[in-house]
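I have placed the structure first, in the form of structure tokens, so that the comments after it can refer back to it.
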Amino acid sequence: MNLANMAWRNLWRRRRRTLITGFTVGFGVMLAVTFTGTGDYMYTNMINASAASGLGHVTVEPRGYNHTPTLDKRLTNSTGIRQRLLSLPEVTDAIVRITGQAMFASATKTVGGMFMAIDPAQESPEHNLLLRSLVEGGVFSGTTGRGAVVGERLAEKLNLALGKKLVYTTTDANGEIVSEIARVSGIFRTGVDEVDGAMALLPIDRVRETLNYGPDDATLVAVMITDQRRAGRVRDVMTRMVGSPEREVLSWHQTQADLAGLITVDASANYISQALVGLLIAAGILNTLLMGVLERTREFGVMMAVGMSPGRLFRLVLMESFWLGLVGLGLGVLMTTPWYLYLYHVGLDFSGMLAGQDYSAAGVLVDPLMRIRLFKESVAVILVGVFLLALVSGIYPAWRAGRIPPVESLRTI
Amino acid sequence: MKPLNANEPPHEHIVRLEDVSKIYQQGKIQVRAVDNLSLDIDTGDFCALCGPSGSGKTTVLNLIGGLDVPTQGKVFLENQDLGDLNGAEIARIRRDRIGFVFQAYNLIPVMTAYENAEFVLKLQGRPERECRDRVMAILTEVGLAGLEHRRPDEMSGGQQQRVAIARAIVTQPAVVLADEPTANVDSATADSLLDLMQRLNREDGVTFLFSSHDQRVMDRARRLIRLRDGRLGSDEVRP
């Protein structure tokens, strides 16, 4: 009989204990999938929502603009840059925009805020959160008109409604104060106060004219990519492609540093929780295997007496932990699959706990519906991680089994 | 049955102990389990170590089997000083040259009779076919033909001890060390086990060294070594 076969039979000598430990490992898989999957889903949603708020997953902008976003800094030949970036396979969209600070005024009030000048022909609701969140009216047509789409809270502050006039004042490319009139064509509500209370969309060519920009000038090209996790790599490729002393390419980690920090802290706490759960599982496996070793001390003594080497005995017990890991993974897959499918298709709705309020973090609305999405890499990490955990947990009992002198083992009853 | 090591010349003294002592520390007290013992066991012996409890019988078997190391003196097996060997070499000697039979059978519970008997051959890395032929032959020889698929908990004490004997002799060892092999079985079973071991000794030349205070074992032994307080009391060879 080979070691694997023997280890398998040994595992089932204490069927109940093996099953309890197997279910513990399975429960660990379920927790790891839940923690990781909800994290993968939530972080991706937040990052994509943040990207759709204006800057994209990767941004091409004038050097220094990210640190000091003044309108005297601008990209020239933005259309050419956009066209080149669209040729990259990982880029799903590239959008030329002008963003800046402005004072918005109506007949009754003045409020400070931000504008984003766009070409509606380049925009889509998928990649523009504000257009996706329209609650009244619609986006202006063309790029030279005097339309404006404003946030719901900004409209409330300025007593604006569809068709009402809005005056925006800002500094132009030369640092001169300039103003322009617009008429509200639409109102959006994202649920994020700092966006709804301060943002307005304006036609890009009208803004270029107001700012004394050239016909192809802009402050940024927002680039959307297929997978936010590859933003750093895509940024490097884009830097080689369009980088220059005057312009830089930044990933969302750099342009949305608050969000990146929040996700890092949250993910770290998540990993620590998983590590603690892993420790508990490892303790369970170690306990099961160690008990199995200690109660078979005499049997191991006999095996060594008839010529089994300590190394072979070590491998036997390690093989038992290998099987225990596999059994645990199997049970884990069985336990986790229905739970995963439920979270994937239905999710857990926590909106009731927020009493109807929207909850945002780092300028991004957090979805109160907890759903799950597990990246393939995460699946591999969880399965390999749990399996390695089982193997590592078996090392001490295996070492212990091989170290007991046979003569002492044989004295054990 | 053809010996596995047929090409090796027989050693006149399979086992030799030279001024061997074994001292155990029990708390603050030193116990001298074996005290300056010297003796030889010859090829083909059917020899019993006897004496009261605590006389050092099992300790001597453990020293000869390389399961324990002497505090002083030397133990030779086939002229090889066991003190010169490292752990792996001792394990190899136990695997290839020594057979063990224990009082409590000590079969591996997850294995069948066949697999228990085959265990040491597998450790030696013998080919599958050779294992099968040898194990089936040995199980037939010890009277277990037809029971090879039973696990230990499906067999009587006597049957389990026969499996243990089969496991001990299947590799054709230089010596079989049997520690109280009849202590856990009834009289009839003990007699039949002794018949079996006597036959294996007589017909196949297997060397047996027993530790026992069972009168039946002592009656059948051709050589009777009496131990008293770890020392040699008497050494009687019978015709």
Side-chain angles (χ1 to χ4, degrees), chain A residues 1-18 288-289 291-317 319-324 327 398-413, chain B residues 22 24 33 58-59 61-70 86-112 114-125 128 131 135 151-153 164 167-171 173 176-177 179:
Chain A
M1 183 193 283
N2 60 35
L3 281 185
N5 197 349
M6 197 171 164
W8 176 255
R9 289 194 201 171
N10 280 336
L11 200 64
W12 297 105
R13 286 163 76 165
R14 294 275 188 268
R15 186 178 299 267
R16 189 183 302 173
R17 188 196 295 164
T18 297
T288 297
L289 290 172
M291 283 174 72
V293 164
L294 294 177
E295 69 192 12
R296 285 182 288 157
T297 300
R298 186 178 176 86
E299 186 178 315
F300 290 153
V302 172
M303 287 179 180
M304 286 200 275
V306 300
M308 194 167 192
S309 65
R312 209 159 177 148
L313 205 51
F314 178 89
R315 291 203 297 280
L316 173 69
V317 177
M319 186 61 78
E320 290 176 20
S321 72
F322 168 88
W323 284 127
L324 193 54
V327 167
W399 175 80
R400 175 88 193 243
R403 266 185 66 86
I404 305 171
V407 69
E408 285 181 24
S409 309
L410 288 168
R411 282 197 200 111
T412 311
I413 295 175
Chain B
K22 179 67 189 180
Y24 291 113
T58 299
T59 304
L61 284 196
N62 287 342
L63 292 169
I64 294 170
L67 298 173
D68 209 347
V69 288
N86 62 29
E89 289 166 334
I90 293 260
R92 207 171 306 127
I93 290 271
R94 282 201 299 265
R95 185 190 68 189
D96 297 342
R97 305 305 298 146
I98 302 172
F100 286 92
V101 178
F102 302 96
Q103 176 181 337
Y105 328 132
N106 288 331
L107 301 179
I108 298 167
V110 294
M111 291 181 174
T112 62
Y114 177 94
E115 288 163 342
N116 266 288
E118 182 197 38
F119 183 67
V120 189
L121 289 174
K122 284 286 187 189
L123 290 179
Q124 289 179 330
E128 190 64 42
C131 290
V135 171
R151 291 202 182 179
D153 60 1
R167 180 177 66 186
I169 62 174
V170 73
T171 56
V176 173
L177 305 175
D179 189 9

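We name chains A, B, ... by the order of the sequence lines, and we start the count at 1 in each one.
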**Study point:** Side chain Arg92(B), main chain Gly307(A), donor-acceptor under 3.5 Å
**Key:** no
Check your understanding: Any donor and acceptor pair, going by atom type alone, linking the side chain of Arg94(B) with main-chain N or O of Val306(A) inside 3.5 Å?
Key -> no
What's the shortest heavy-atom distance between [X] and [Y], and which atoms?
X         : Y         : result
Leu123(B) : Met308(A) : CD1-N, 3.5 Å
Ser309(A) : Ala91(B)  : CA-CB, 4.5 Å
Ala305(A) : Phe100(B) : O-CE1, 2.9 Å

Revision key, fill the gap. Comparing Pro109(B), Gly87(B), Gly99(B), Gly66(B) against chain A, the one with the most heavy-atom pairs below 4.5 Å turns out to be Pro109(B)
Point to revise | Trp323(A): partners by ring-ring contact (aromatic ring centres under 6.0 Å, His included), with sequence neighbours left out | key: Trp8(A)
Practice item. Run the numbers on Glu115(B) and Arg9(A) for side-chain contact (heavy atoms from CB on, under 4.5 Å), then give the verdict. Key: CA-CA 13 Å; Glu115(B) 288 163 342; Arg9(A) 289 194 201 171; 2.7 Å; yes
Review point. If you measure from CE on Met111(B) to CG on Asn10(A), what distance do you get to the nearest 0.5 Å?
Key: 8.0 Å
Study note, to complete from the structure: Distance col, row Asn106(B):CG vs Glu299(A):CD, nearest 0.5 angstrom, shows 9.0 Å
Practice item. Find out whether Arg167(B) and Val302(A) are in side-chain contact, i.e. whether some heavy atom of one side chain is under 4.5 Å from a heavy atom of the other. Key: yes
**Study point:** All side-chain hydrogen bond (donor to acceptor under 3.5 Å, both in side chains) counterparts of Arg312(A), not counting sequence neighbours
**Key:** none
